Amino acid sequence: MELRKVAITGVHGYVPDYILTNKELETMVDTSDEWIRTRTGVEERHILKEPGKATSDMGMHAVKGLLEKTNTPASEIDLLICATVTPDTIFPDTANTICHKAGLNKAWGFDINAACSGFLFALSTGSLFIQAGRYNKIVVVGADKMSSIVDYEDRTTCVIFGDGGGAVLLEAANEGFGLEDFVFKGDGSGREFLHMKAGGSLKPPSHETVDNKEHYVFQEGRSVFKAAIKGMTETIKEVMSRNSLSPDDIQWVVPHQANKRIIDGVANMLDFDHSKVMMNINKYGNTTAATLPLCLWDYESQLQKGDGLILTAFGGGFTWGSTYLTWAY
Ligand code: UT7
């Protein structure tokens, strides 16, 4: 069977209007604008405050914008995959809700839960359907309403996260540019450092779990910090070595936006010029599955056809990995 090459042919993002600044956080928890900026790089984050609105609404806005800017009729989308850890409901999945809200009446969908690596895993999963010739147009969404699982009395987590969504269109590549390779890893023993304690089948919700605040993000920051630098650096090295790439072959590094110091650490370990490392954590914070498409969206006008990109992520699970692609437009 001849495999087709697959490319990202469009990207769009959405963040809610409300901006939660570091100054406002200073009034909520014992923190300071200075601490947050210097320890994380975050200056502000967008929060979905509107009652009744969820992850699917941010996904829907991103998808509608994507279809409009790429002149793609909704009826041409075969499949939509949504990466998220904050689905609207435990079931049904958020992907199908996005299809419904965005008018993708011919598409089916499913969610991928791989925390901050979710978008990367979804991107490769989606590309395989096109590669094999089964489908022609697939939308991959990364969206998270982190404010729904963050404890705004816990200064160690609430300053980091934000809400947002991004979407890319995948199509068969015409000119040889597109997704080239990926290296993905997982280690379930890392789950103790970053997880939500209750709400699933292990510990179903109860008055006690709510009283104990077990439906919020739990993170042991320092352990995750170290593992993130190591994991992203190693998988970037591996994917570069497999494709005989030197830093000069890479025009852009697109890292998961969890902490500016993690991103700088990875760039330093690999001798990447910081000017080619995408960074927007200052305005969005860590939007989990949305960070990578939001980076591509923000930097889209600077990307040139043929540019070499490495996307890299690390998150709960642990899950992590790096994807090499050449930009197709
Ligand atoms: O996206 C998924 C993957 N997640 C990540 O990659 C996140 C990885 N971890 C991190 O980004 C960092 O570990 C954090 C930003 C979460 C924390 O930064 P840190 O430099 O590792 O801080 P720390 O946990 O070592 O804490 C240092 C000090 C502590 O005080 P003491 O014990 O030294 O007196 C904390 O209590 O900073 C204190 N602290 C704060 N101070 C002011 C923690 N959070 C805050 C805060 N404001 N918001």
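Note that this is a predicted model, so its numbers are computed, not measured.
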Check: How far does CG of N136 sit from CG of L170, to the nearest 0.5 angstrom?
Finding: 12.0 Å
Checklist line | Donor-acceptor pair, side chain of D144 and main chain of M146, under 3.5 angstrom | finding: no
Next item on the list: Only counting residues at least two apart or in another chain, list the ones meeting side-chain contact (heavy atoms from CB on, under 4.5 Å) with D93.
Entry: A95, N96, D111
Check: What closest approach, in Å, do V85 and A115 show between heavy atoms, and which atom pair accounts for it?
Finding: CG1-CA, 3.4 Å
Check: Among all residues two or more places apart in sequence or in another chain, which pass the side-chain contact (heavy atoms from CB on, under 4.5 Å) test with L104?
Finding: V63, L67, A74, I77, L80, C99, A102, A107
Check: Listed by chain and number, what are the salt bridge (Lys or Arg N to Asp or Glu O under 4.0 Å) partners of E175, not counting sequence neighbours?
Finding: K305
Check: How about I236 and M269: do any of their side-chain heavy atoms sit closer than 4.5 Å?
Finding: no
Margin query: Taking salt bridge (Lys or Arg N to Asp or Glu O under 4.0 Å) as the definition, give me every residue that meets it alongside R242, ordered by chain and number, with sequence neighbours left out.
Written below: D181
Item checked: K283, K260, R37 screened by salt bridge (charged side-chain N to carboxylate O under 4.0 Å, His left out) with E43, the one that passes -> R37
Item checked: K226, NZ atom: more than 12 neighbouring heavy atoms under 6.0 Å -> no
Margin query: Under the rule for side-chain contact (heavy atoms from CB on, under 4.5 Å), what residues qualify as partners of Y329, not counting sequence neighbours?
Written below: V11, E300, W327
Next item on the list: Determine yes or no for a side-chain-to-main-chain donor-acceptor pair under 3.5 angstrom, with T326 supplying the side chain and G178 the backbone.
Entry: yes
Note to self: Measuring from atom NZ of K53 to atom CG of D88, what distance do you get when rounded to the nearest 0.5 angstrom?
What the structure shows: 11.0 Å
Notebook entry, point to check: Hey, is NZ on K230 packed in by over 12 heavy atoms from elsewhere, all under 6.0 Å?
Noted result: no
Margin query: Which heavy atom of I90 sits nearest to which heavy atom of G199, and what is that distance?
Written below: CD1-O, 3.4 Å
Margin query: Surrounding CD of Q302 (heavy atoms of other residues, nucleotides or ligands, distance under 6.0 Å), is the total greater than 12?
Written below: yes
Next item on the list: Please say whether more than 12 non-hydrogen atoms of neighbouring residues, nucleotides or ligands are located less than 6.0 Å from NZ in K5.
Entry: yes
Next item on the list: Any pair with a residue in residues 190-208 that passes salt bridge (Lys or Arg N to Asp or Glu O under 4.0 Å), sequence neighbours left out, goes on the list, sorted by first then second residue, please.
Entry: K203-E214
Notebook entry, point to check: CD of E24: more than 12 outside heavy atoms within 6.0 angstrom?
Noted result: yes
